K.L.:
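Take a look at the following structure, please.
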Amino acid sequence: ETGVTQTPRHLVMGMTNKKSLKCEQHLGHNAMYWYKQSAKKPLELMFVYNFKEQTENNSVPSRFSPECPNSSHLFLHLHTLQPEDSALYLCASRQGNYGYTFGSGTRLTVV
Amino acid sequence: AQSVTQLDSHVSVSEGTPVLLRCNYSSSYSPSLFWYVQHPNKGLQLLLKYTSAATLVKGINGFEAEFKKSETSFHLTKPSAHMSDAAEYFCVVSDLHSGNTGKLIFGQGTTLQVKP
C-alpha cells in the first residue's frame, strides 16, 4: 500500500446509475488530485484540491462531481456517465514538491 | 507552460542489458521532474525525482536519471534490465511554483518489454 487508498478497486455501472469513488490518505498531505487514465492516452488531470478547497477544474463535464470534506478524504461522485468515461481513475496526494503519492486506482466500466 | 515528450512509445531489451528511456521536457521555470512506473493493473509508483539538487538522481530498483538543462532532457537508465522491470514508464513535470496548483503533467508513456 502506498498510503493512498482508493475504493472500490473495480466498478461497473450503467449509464443511469449514481455511484461514488473514494480516496483516503493519512499521510498528512494538503493537496489531493483526481486523474483519469484512458487507454492509449496520457493521464489527464481532472480536479485539484488544496487544503480542502478546489483550485482547479480541468474542464471536466458536470457528470463528474468532486467532494473534499477534509484534507484526508476525496470523493468523485458519478452520475449519467457515458461509455467513453470508462477508464482507470487515479487519486494522488502531495505535500510540498515531494510527496506525490498515487493510489492503486478504480477501474471503472460504464455499460 | 510545461510539457514532456517521451521519445519512444515502446522499448524492448533483453534481460541483463542496459535500459534507456528517453524524455525531453519544456518548462518556463526550473522544473521538477519525475519518473513513475506502472505495472499492469496497478497504480503509479515513484521511481525518482529531480528538484534542482544533484543533476544525477538515483531512484529505486537500480534506476537513475540525469537532468541535462542544455538538452532539456531527463532520460531514465538502468545498467541491467530485470524481467520484473517490464511495465509502463511515465516522465512527469510538475508546475509547482508560486500561484500554481502543483499539478503533474504526464508524458505519453513508454512500454518497456524485457525479453528472457
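In what follows, chains are A, B, ... by sequence order, proteins preceding strands, each numbered from 1. This is a predicted model, so every value here is computed, not measured.
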K.L.:
Applying a strict under-4.5 Å side-chain criterion to I, L, V, M, F, W and Y, I'd like to know whether B/Ile105 and B/Leu21 cluster together.
P.N.:
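The answer is yes; both residues are in one hydrophobic cluster.
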
K.L.:
If you measure only the distance, is there a donor-acceptor pair under 3.5 Å linking the side chains of A/Ser20 and A/His77?
P.N.:
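Yes.
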
K.L.:
Looking just at side-chain N and O atoms, do B/Glu88 and B/Thr111 make a donor-acceptor pair shorter than 3.5 Å?
P.N.:
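Indeed, the side chains of B/Glu88 and B/Thr111 share at least one donor-acceptor pair under 3.5 Å.
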
K.L.:
Non-hydrogen atoms of chain B under 4.5 Å away: do they reach the side chain of A/Gln37, the backbone, both or neither?
P.N.:
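The side chain, not the backbone.
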
K.L.:
Please classify the contact of A/Leu90 with chain B as side chain, backbone, both or neither, using a heavy-atom distance under 4.5 Å.
P.N.:
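The answer is the side chain of A/Leu90.
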
K.L.:
Should A/Val110 and A/Leu78 be marked as a side-chain contact (heavy atoms from CB on, under 4.5 Å) after you check the CA-CA gap, both sets of side-chain angles, and the distance that decides it?
P.N.:
CA-CA 11 Å; A/Val110 181; A/Leu78 317 171; over 6 Å; no

K.L.:
Below 4.5 Å from any heavy atom of chain A, which atoms of B/Gln6 appear? Answer side chain, backbone, both or neither.
P.N.:
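No part of it gets close to chain A.
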
K.L.:
Considering only heavy atoms, which portion of A/Tyr35 lies under 4.5 Å from any heavy atom of chain B: side chain, backbone, both, or neither?
P.N.:
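The answer is the side chain of A/Tyr35.
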
